[in-house]
Structures are given as structure tokens and as C-alpha cells.
Amino acid sequence: MVNLTLIIAIPLLMSFTMPIFKMLNQKLPKVIALLTTAFNLLVLTANFSQIMDSAIIIELGGWQAPLAINLYVGPLALLAAFLINGSAFILSIYNLTQDYKFDDKFYLLFLMITAGASGMVMTGDLFNLFVFIEITSIAAYSLTAFAGRDSYEASFKYLVIGGIGSVFMLLGIGFTYSAVGSLNLAEIAASAGLINPLLLQITALLFLIGVGIEAELFPLNFWVPDLYTEAPTAVSGIMSGAVSAAGIYALARIFFTLFPAQSFLNYLLYLGAITLILGELIAYQQKNIKRMLAYSSLAQMGLIVAVISLGTEGAVRAGLFQLVNHSILKILLFISAGVLISAAGSKNIDDLAGLGSKKKTAAFGFTIAAMGILGVPFLNGFISKFMIISSSLNADQFLLTVLILLAAVIEIAYYLKVVQKLYFEDLKIEVKKTAVITIPVVLLTLMIFGLGIYPQLIADPLEKAAAELINNGSYIMTVLGGM
Amino acid sequence: MLNFLEEWSFFGGSILLILIGLYGVITRKNMIKILISLALMDTGVNLMLVALGYVKAANAPILNSVVQTNTAAFVDPIPQALVLTSIVIGTAVLGLGLALVIKIYDKFSTLDISKIRGLKW
Amino acid sequence: MPLISSFLILIMLIAALAALFFDNLLNSIIAAGLVSLIASVLFYFLKAPDVAMTEAAIGAGLTTAIFVLALYKTERGKSE
């Protein structure tokens with residue numbers, strides 16, 4: 001067993017020593033980023049079987065649970081941490097072939113976002129959660145600006161909305177603290193029933209605004225398309241694959257463990273459903289491929305939030321499986337779209353016509369991932385879609401089921417339009433030289449088929465994670481001991 | 001009466017400050033003014049947090065030879081620790097925002113957010 | 001004493017509104033600095049001297065300084 005604090009500590013250490021590595025060798029920052037994320041994955045794997053048995057609690061500073069800040073790594077946090085560090089690992093492989101203007105600073109921020117998002121899912125303290133959210137978002141603001149020109153504006157917009165969100169989140173933390181007298185998640189959860197109902201509603205709303213910005217929920221997500229369109233491909237990938245997953249985790253942690261009440265879950269259900277259907281409708285009209293992927297990403301986040309907030313065990317499991325699949329598929333979509341865009345020199349879908357025969361790997365990756373999102377059998381998306389629909393039918397949510405199916409139909413329309421353009425139209429433009437992305441595409445494709453054909457691979461962690469979310473009593477018991 | 005006024009002017013004042021900041025962020029067009037409004041919101045929430053931890057007729061949470069170690073006589077130090085962190089985070093965000101404003105000004109020669117070509121919403 | 005803090009809060013709110021509605025950016029920035037300064041005095045009244053020091057140094061001092069710096073790198077720098 002390796003100490004899990006290293007998952008946060010090592011990336012932070014490596015990120016701030018990045019300029020020194022750059023001084024030693026120009027190529028070193030890329031390699032260090034790759035090694036650090038690989039190390040994180042190894043640490044997580046080494047702890048896997050123990051966490052599956054019982055959650056690991058690390059008390060920082062050697063104080064007892066309600067006093068000290070503690071890290072809580074249960075099955076759910078493990079799953080999310082695997083997603084975050086896995087996404088960062090794959091994108092670091094992709095980054096090996098990329099050149100950024102200030103690469104030491106790029107990798108500094110890249111590792112910071114990894115550390116921040118890992119911290120978000122591992123912490124057991126409300127204020128610590130806020131600090132990690134801020135670390136993640138500040139790194140994300142500056143990473144967005146790396147593409148130059150229009151990306152500055154996207155970054156500024158994200159910074160302003162993120163700043164407002166952090167104010168509301170802090171206010172929520174203040175109200176919670178004044179009502180409960182503790183910042184420990186387990187202790188707040190244990191005494192959430194004692195909070196004045198009106199104050200609880202206000203606090204929940206404040207948290208919804210604060211965390212909903214990270215999780216890309218409906219009224220707060222207008223910055224997302226700009227960011228995904230203008231940011232460098234690797235940044236779009238990590239925002240979609242890792243940061244939004246951490247946001248969903250924080251949302252689930254707050255609304256399942258902290259303030260478990262069906263009324264809040266119902267609001268989340270409506271918000272998620274609105275996000276889903278609006279996202280798909282707007283994605284359908286987009287001419288810009290990255291913007292299309294961004295709106296599709298929004299829609300998927302809405303779907304995941306809606307399904308998780310159904311609140312039954314099957315639904316939570318389906319939603320978490322969809323979260324895993326969405327991270328894998330969206331990263332593949334973003335990196336292959338990035339290569340196609342640089343080959344065509346344009347982000348317009350019409351300009352990508354005929355690239356399927358020239359850029360075989362990228363076009364193949366895009367097609368496989370699109371099929372995965374659509375839910376073609378033997379790919380991972382099929383099983384999670386199936387689980388989602390059956391669980392929403394089991395929960396007697398007929399309207400939601402219809403909406404999900406409708407969204408799936410719209411998805412088929414716009415993804416197949418791109419695939420059809422890639423393979424069945426004549427090449428119109430001159431193809432430019434691009435980076436090689438064979439390794440990440442192969443790795444991700446293997447994962448897509450692996451989870452699609454053999455979903456039992458992930459069944460056990462998913463089941464335990466869902467059980468952890470549904471039953472917050474065990475979380476409280478594990479952290480506070482037999483109090 | 002006066003005590004009541006004292007207590008609620010802190011809560012009311014900080015909530016009004018947050019609302020003024022929010023109004024500014026939404027309505028102002030000048031990017032520097034948007035960031036000023038964000039700074040006002042930050043100040044408001046910090047004031048709110050410290051006011052939530054205030055205990056009447058208590059001492060500042062500092063141990064020294066004059067004040068005995070009777071913890072009931074101290075105001076709550078945790079919100080103050082949170083606010084220290086929050087002030088630093090807020091300033092970091094503002095610094096980054098101003099750097100972006102300078103960059104945007106270099107490219108577009110304007111501070112007016114509505115005049116920049118404008119990514120679609 | 002209570003009236004002093006209420007009065008200060010009133011001035012702080014007026015300064016905040018002024019920061020939004022001044023046409024001249026430099027005046028806005030100074031008004032925002034005044035808000036921070038009054039906030040730091042209020043922190044002292046609330047028995048939080050450490051926060052008061054930090055707010056006075058970072059909120060009123062450093063923040064105002066970087067705002068003015070940014071202002072001179074943009075519009076002010078152009079007009080001269």
C-alpha cells in the first residue's frame with residue numbers, strides 16, 4: 001500500500017519544479033508530466049483492492065477525524081480519481097507530439113489541474129473542497145488562454161462566472177458552518193437534519209450554483225462551448241474528461257451525502273433533463289465541430305446528472321457507468337477532432353469532407369467514439385445507455401425515458417452527419433501535416449471495446465460506489481467511528 | 001435596539017455588498033469594472049463569514065499572557081482562517097483576470113466586452 | 001460603537017455603488033480600494049485583527065495596485 005496523499009502531493013511538487021526541468025532539457029517537461037500521471041495511476045492501482053474492501057481515511061496532521069482535515073477515499077472517489085488521472089495520462093501521451101509555446105508553464109498548469117481535481121474527489125472537508133475547486137479552476141482559466149486570441153475572451157468569461165460561483169459556494173460554506181459548527185463532511189451529514197429547513201434550502205441552492213458551474217449544469221453553462229471551442233485540444237479534453245467528472249462527483253457528494261433529500265434531487269433531475277435536451281438541440285445546429293462536441297458534452301453531463309438524481313441504486317450505477325464512458329469517448333473525440341481540424345486548417349464541419357481516406361487514425365478514432373456515444377452494440381456506450389433506460393423505466397419516469405430516447409435520436413443525426421462527411425464525400429481541401437495520435441487512439445479504442453464486451457470489468461467498483469452514494473450512513477460511520 | 005442594529009447592519013451590509021457586486025458583474029460592459037465588481041463580491045462574502053463567527057463581548061482569538069486560556073471568551077477563529085485563504089484566492093483570480101484584460105486589450109484595443117467580436121453565447 | 005460600524009457600512013455601500021457608476025476608471029478603482037479599507041476596519045471591530053491586516057495589505061493595497069497597473073497598461077497608456 002502506498003500513501004494516497006501522494007496523488008495530490010507529487011503532481012503539485014512536479015508542477016512547481018517544471019521550470020527547472022525545462023532548464024535541464026527542452027523535452028523534459030512533457031516526459032515529467034507523463035511520468036507523474038503514470039505514477040498516480042500506479043498508486044491508485046496499488047490501493048485498489050484495499051479500497052474495495054473498506055474506504056481508506058487519511059487524517060492529515062495526525063488529529064482525529066472531526067478536528068483534522070481528512071481525505072476519504074472510498075470506491076466512488078477511487079473511480080473518479082481513476083477517471084481524472086487516466087484522462088490526464090492519455091492526454092499526456094497525446095501531448096508528447098504537441099508543441100506549446102510556453103511548454104513548462106503549460107505542463108505546470110496541466111499537473112495542477114490534475115492535482116486539484118484529484119483533491120476535489122478525495123477530500124473529506126468542505127472548505128478543502130472549495131480550495132481544490134479553486135486550484136482546478138484557476139489552472140483551467142489560464143490553460144484556456146494558451147491558444148491565443150479568441151481564447152482570451154473565453155477564458156475571461158469563464159473566470160468571471162467561476163468567480164461568481166466561488167463567492168456563492170463560500171457563502172454556502174459559511175451558512176453551513178454557522179448552522180452545524182463543523183466543516184467535516186461526515187459531521188455535517190450527521191447533523192444536517194438539525195438545520196433550519198429554510199436555511200438548508202438556501203444553502204443547497206448556493207452549493208448548487210457553486211458546484212453546478214464545474215459540473216456544467218443548465219443555467220450556468222454558457223461559458224462551456226466557448227471554452228471548449230477556443231482552448232487547446234488537450235485542455236478541452238481534460239475539462240470534459242476530468243474536471244466535469246470531478247464536478248459531478250462534488251455535486252453527488254453534496255446532494256447525496258451532505259443534504260440527502262428527495263426534493264433537491266428532483267430539482268437536479270429537472271435541471272439535468274433541461275440541460276440534456278437543450279444541449280442536443282443546439283449541438284444539432286452547430287457548424288463548428290468543436291462547438292458541436294462541446295454542446296454534446298453538456299448534454300451528456302445533463303443526462304448523467306438527471307440519471308444519478310433518480311436516486312435508485314440501479315440509476316446511480318448507470319449514471320456512473322455513463323460518466324466513465326463519457327470521459328473515455330469525449331477524450332477520443334476531442335483528440336481526433338483536434339487532428340482533423342489541424343489537417344483541414346478549419347473548424348468547420350463542411351471543410352472536413354473526405355478526410356477519412358487521408359487521416360485514417362483520426363477519422364477511425366472519431367468514428368469509433370461517435371458510435372460509442374450513439375450506443376452501438378459491443379461498444380461501451382451501448383451498455384450504459386441500456387442501463388440508463390432500464391433504470392429510468394424502473395423508476396417510473398416515463399417522460400425522462402422519452403426525453404433520453406429523443407436525445408439519442410438527435411445525437412445519431414449530428415454524429416452520423418460528420419462521419420458521413422468524413423468517409424463518403426470527396427476531398428476538397430489540401431491536407432496539412434499533423435501530429436501522430438496512434439497510441440492514444442489505440443489505447444482508448446481498446447478501452448471502449450473492453451468495457452463494451454466485458455462490462456463485468458467495472459461492475460464491482462460501480463456497484464460499491466453506487467452503494468456508497470445511496471447510503472450516507474456508512475460514510476458517516478466510517479469517518480467518525482462509532483460516535 | 002442599538003445592539004440589534006449593530007448585529008444586522010453587518011449581515012445586511014455584506015449581503016447588499018454581494019448584491020451590488022453581482023449587479024455590477026452582470027450590467028457593466030467595461031472589463032475592469034467587471035473585475036472591480038467581482039472584488040466587491042469577494043469583500044462582501046468575506047465580511048459575511050467573519051460576521052457569522054462573531055461572538056458578542058469576546059476577545060480576538062489570540063493567546064497571550066493578558067487573556068487567559070478560557071476558550072469561551074474568544075470569537076470563532078475558523079471563519080477567520082477561511083477568510084484569510086479566501087482573500088488570497090480572490091486576489092489571485094483578480095490578478096489573472098487583469099492579465100487577461102491586458103492581453104485582450106493588446107488584441108482588440110478596447111476594454112468594452114460588448115465590442116469584442118464576441119463568441120456566441 | 002454600534003453606530004460607528006453601521007455608519008462605516010453605509011459609507012462602504014455608497015463607495016461600492018460609486019465604484020460601479022463612476023465614469024473614470026481610476027476613480028472607480030480608488031472607490032473599490034476604499035471599500036476594502038473600510039472592510040478591514042470592520043474586520044477589526046469584529047475581533048479579527050489578522051484578517052484586518054491581510055485585507056488592508058492585500059485587499060486595499062495590492063489589489064488596488066494591480067488594478068492601477070492594468071489600467072495604465074491599457075487605456076491610460078494609450079492616451080499619453
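Protein chains get the first letters and strands the later ones, always in sequence-line order, with residue 1 at the start of each.
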Check: Tell me, side chain or backbone of B/Asn30 under 4.5 Å from chain C's heavy atoms, or both, or neither?
Finding: side chain
Check: Which answer fits B/Val83, side chain, backbone, both or neither, if we ask what part of it has an atom under 4.5 Å from a heavy atom of chain C?
Finding: side chain
When you measure from the side chain of [X] to the backbone of [Y], do you find a donor-acceptor pair of N or O atoms at a distance under 3.5 Å?
| X | Y | value |
| --- | --- | --- |
| C/Thr74 | B/Tyr105 | no |
| B/Lys33 | C/Phe22 | yes |
| B/Arg28 | C/Leu20 | yes |
| C/Glu55 | B/Leu84 | no |
| B/Thr27 | B/Tyr23 | yes |

Spacing of [atom1] belonging to [X] relative to [atom2] belonging to [Y], to within rounding of 0.5 Å:
| X | Y | atom1 | atom2 | answer |
| --- | --- | --- | --- | --- |
| C/Leu26 | C/Ile29 | CG | CD1 | 6.0 Å |
| B/Leu35 | C/Ser28 | CG | OG | 12.0 Å |
| B/Leu17 | B/Ser37 | CG | OG | 10.5 Å |

Checklist line | Any side-chain heavy-atom pair of C/Phe45 and C/Ile4 under 4.5 Å | finding: yes
Check: Using a cut-off of under 4.5 Å for heavy-atom pairs, which of B/Ile102, B/Thr43, B/Leu16 has the most such pairs with chain C?
Finding: B/Ile102
Notebook entry, point to check: In terms of heavy-atom pairs under 4.5 Å, which option from B/Leu40, B/Leu94, B/Asp42, B/Val101 contacts chain C the most?
Noted result: B/Leu40
Note to self: I'd like to know which of C/Leu17, C/Leu69, C/Leu62 tops the heavy-atom pair count under 4.5 Å against chain B.
What the structure shows: C/Leu17
Margin query: Between C/Leu8, C/Thr54, C/Ile9, C/Leu46, who has the most heavy-atom pairs with chain B when the cutoff is under 4.5 Å?
Written below: C/Leu46
Margin query: Using a 4.5 Å heavy-atom cutoff, which residues in residues 30-38 of chain C come close to chain B?
Written below: C/Ala32, C/Val35, C/Ser36
Next item on the list: Could you tell me which portion of C/Tyr44 (side chain, backbone, both or neither) has an atom closer than 4.5 angstrom to a non-hydrogen atom of chain B?
Entry: neither
